[in-house]
Amino acid sequence: MKQRVWALALAALLLSGCAAQAPSGPELRRYEASFLTLFDTVTTIVGYAETEEDFQSTAQAFHDELLEYHQLFDIYHDYAGLNNLKTINDRAGGDPVEVDRRVVDLLLFCRELETLTGGKVDVTMGSVLSLWHEARSAGADDPAHAALPDRAALEEAAGHTGFSLLEIDQDASTVRLADPLARLDVGAVAKGYAVERVCRAAPAGLLVSVGGNVRSTGPKPEGNAPWVVGVQQPDGGKQDYLHTLYVSNASVVSSGDYQRYYTVDGVRYHHIIDPETLSPGTLWRAVTVVCPDSGLADGLSTALFLLPRDEGAALARRCGAQAMWVAGGGELLYTDGFLDLVRT
């Protein structure tokens, strides 16, 4: 049964200057919908429509399609009649699992991304990431007894990673993990990938944010004006921005040490784990990537967070992306074209 967006939260915001005259068309008004059911985060859709009912229809359709991706890519929950990534993990070492083609396409994309990033984005790292997830959750629940994962356990878990363990049969639409202790974790890619797929079929002129992964499907109808997207200051509030950016048909994705973390003996440990060190990356406070493809931007923001600037900048250039790095002391570094996107 479909979950209604509007039973969760809807703000029909008629802000100052929010009415717009579509080219050769009627007056449009700005609306905003938010819901909390997908990818363990807040999703917000902003767009223009003639009536609230028209916008509701658009937002509901977006929600319903994104919900399908959420369930397919979920590694924590089962759904009746559905084989998802959790099913693949649960049956690791057993027979191939027949899955929806969208799962196959995601994993093929992830395999390409692992090669592209030199192994910095590796969704077969689930056995390692689960140890950090358990330690972070325990530390958040009981800060006085927060502890790091056992190093020997991390190294043992790393022996059960690698794309050589992931068998994908495109013709049969099956996936198998050959090692019974191997696990998939697509947290570095899934949100952006799913948002990209849904946005490609969505109406033009929307601005979508899924947990801070932002994607526009074209400019606003107000004279083809670009959207303005803020890049959050790592230690600031939600309205404290390092920059605001103009985007018309692009994605903006940030990764940082301020998003999900816990503290052990006064030291902060975040969720972005380097496959080489098996520990959180320490080169940067945050990285923001702007590029047309939200899935690619999601993966690149993780990779650039874990790479030295020269290597990250070269990777961004190869992918047609722009990036900004926030160093430990607050210094901002940019790719050559990033400042061309800056409004303030």
Side-chain angles (χ1 to χ4, degrees), residues 39-41 70 72-77 84-93 103 106-107 109-111 113-141 146-166 175 177-194 211-213 253-264 267-284 287 295 298-307:
F39 292 98
D40 299 319
T41 190
H70 165 81
L72 288 169
F73 298 167
D74 197 336
I75 65 171
Y76 298 109
H77 302 98
N84 61 5
L85 290 180
K86 183 178 184 296
T87 313
I88 298 169
N89 283 344
D90 290 345
R91 299 183 190 175
V103 174
L106 168 70
L107 295 177
F109 175 79
C110 291
R111 188 165 66 185
L113 194 60
E114 191 271 345
T115 300
L116 180 68
T117 63
K120 290 300 185 183
V121 180
D122 185 349
V123 301
T124 73
M125 288 283 292
S127 56
V128 172
L129 298 181
S130 65
L131 296 176
W132 277 103
H133 178 79
E134 291 167 6
R136 190 168 61 249
S137 297
D141 292 339
L148 301 180
D150 179 72
R151 184 66 194 182
L154 288 171
E155 292 175 355
E156 195 280 331
H160 304 283
T161 66
F163 271 84
S164 63
L165 303 176
L166 182 62
V175 178
L177 284 169
D179 184 337
L181 297 181
R183 295 293 182 270
L184 296 172
D185 186 323
V186 296
V189 182
K191 275 193 305 181
Y193 181 92
N213 285 37
V253 180
S254 296
S255 293
D257 65 6
Y258 58 94
Q259 294 173 330
R260 294 200 300 275
Y261 63 89
Y262 74 123
T263 302
V264 180
V267 179
R268 177 185 293 183
Y269 293 88
H270 59 80
H271 72 292
I272 308 173
I273 307 303
D274 190 329
E276 184 175 351
T277 65
L278 309 182
S279 295
T282 58
L283 293 175
W284 309 104
V287 172
D298 209 359
L300 286 177
S301 70
T302 296
L304 269 59
F305 187 91
L306 298 172
L307 287 169

Which pair of non-hydrogen atoms, one from [X] and one from [Y], has the smallest distance, and what is that distance?
X    : Y    : value
G162 : T124 : N-OG1, 2.7 Å
G139 : A146 : CA-CB, 3.7 Å
L278 : R151 : CB-NH1, 3.9 Å

Check residues 181-191 and write down every donor-acceptor pair under 3.5 Å in which the side-chain atom is one partner and the other belongs to a residue at least two apart or another chain.
residue	atom	partner	partner atom	Å
R183	NH1	P180	O	2.9
D185	OD1	G187	N	3.0

Does some side-chain heavy atom of [Y] sit less than 4.5 Å from a side-chain heavy atom of [X]?
X    : Y    : answer
P275 : L306 : yes
S137 : Y262 : no
L148 : W132 : yes
T117 : L113 : yes
D150 : L131 : no
Y269 : V264 : yes
L129 : H271 : no
F305 : L283 : no

- Task: Go through the side-chain N and O atoms of D90 and T87 and say whether any donor and acceptor fall under 3.5 Å apart.
- Result: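 On atom types as modelled, these side chains do not qualify, holding no pair under 3.5 Å.
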- Salt bridge check: are E276 and K120 linked by an N-O gap of less than 4.0 Å?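 Judged by the 4.0 Å cut-off on N to carboxylate O distance, E276 and K120 do form a salt bridge.
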Indicate yes or no for a side-chain donor-acceptor contact from [X] to the backbone of [Y] under 3.5 Å, with no hydrogens or angles considered.
X    : Y    : answer
S127 : A157 : yes
W284 : S255 : no
N84  : H77  : yes
Q259 : G256 : yes

Hey, could you give me the [atom1]/[atom2] distance between [X] and [Y], rounded to the nearest 0.5 Å?
X    : Y    : atom1 : atom2 : answer
I272 : S301 : CD1   : OG    : 7.0 Å
R111 : L116 : CZ    : CG    : 14.5 Å
D179 : H160 : CG    : NE2   : 5.5 Å
D274 : S279 : CG    : OG    : 8.5 Å
L304 : S254 : CG    : OG    : 11.5 Å

- Item | Parallel, tilted or perpendicular: ring planes of F39 versus H70, cut at 30 and 60 degrees |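 Perpendicular.
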- Task: Test the R268-Y261 pair against the cation-pi criterion, namely NZ or CZ under 6.0 angstrom from the six-membered ring centroid and within 45° of the ring axis.
- Result: yes
- Residue set satisfying ring pair (Phe, Tyr, Trp, His ring centres under 6.0 Å) with H133, at least two apart, ordered chain then number -> Y76
- Query: For the side-chain contact (heavy atoms from CB on, under 4.5 Å) test, which of V123, L72, D74, I75 pairs with L85?
  - Reply: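 The passing option is I75.
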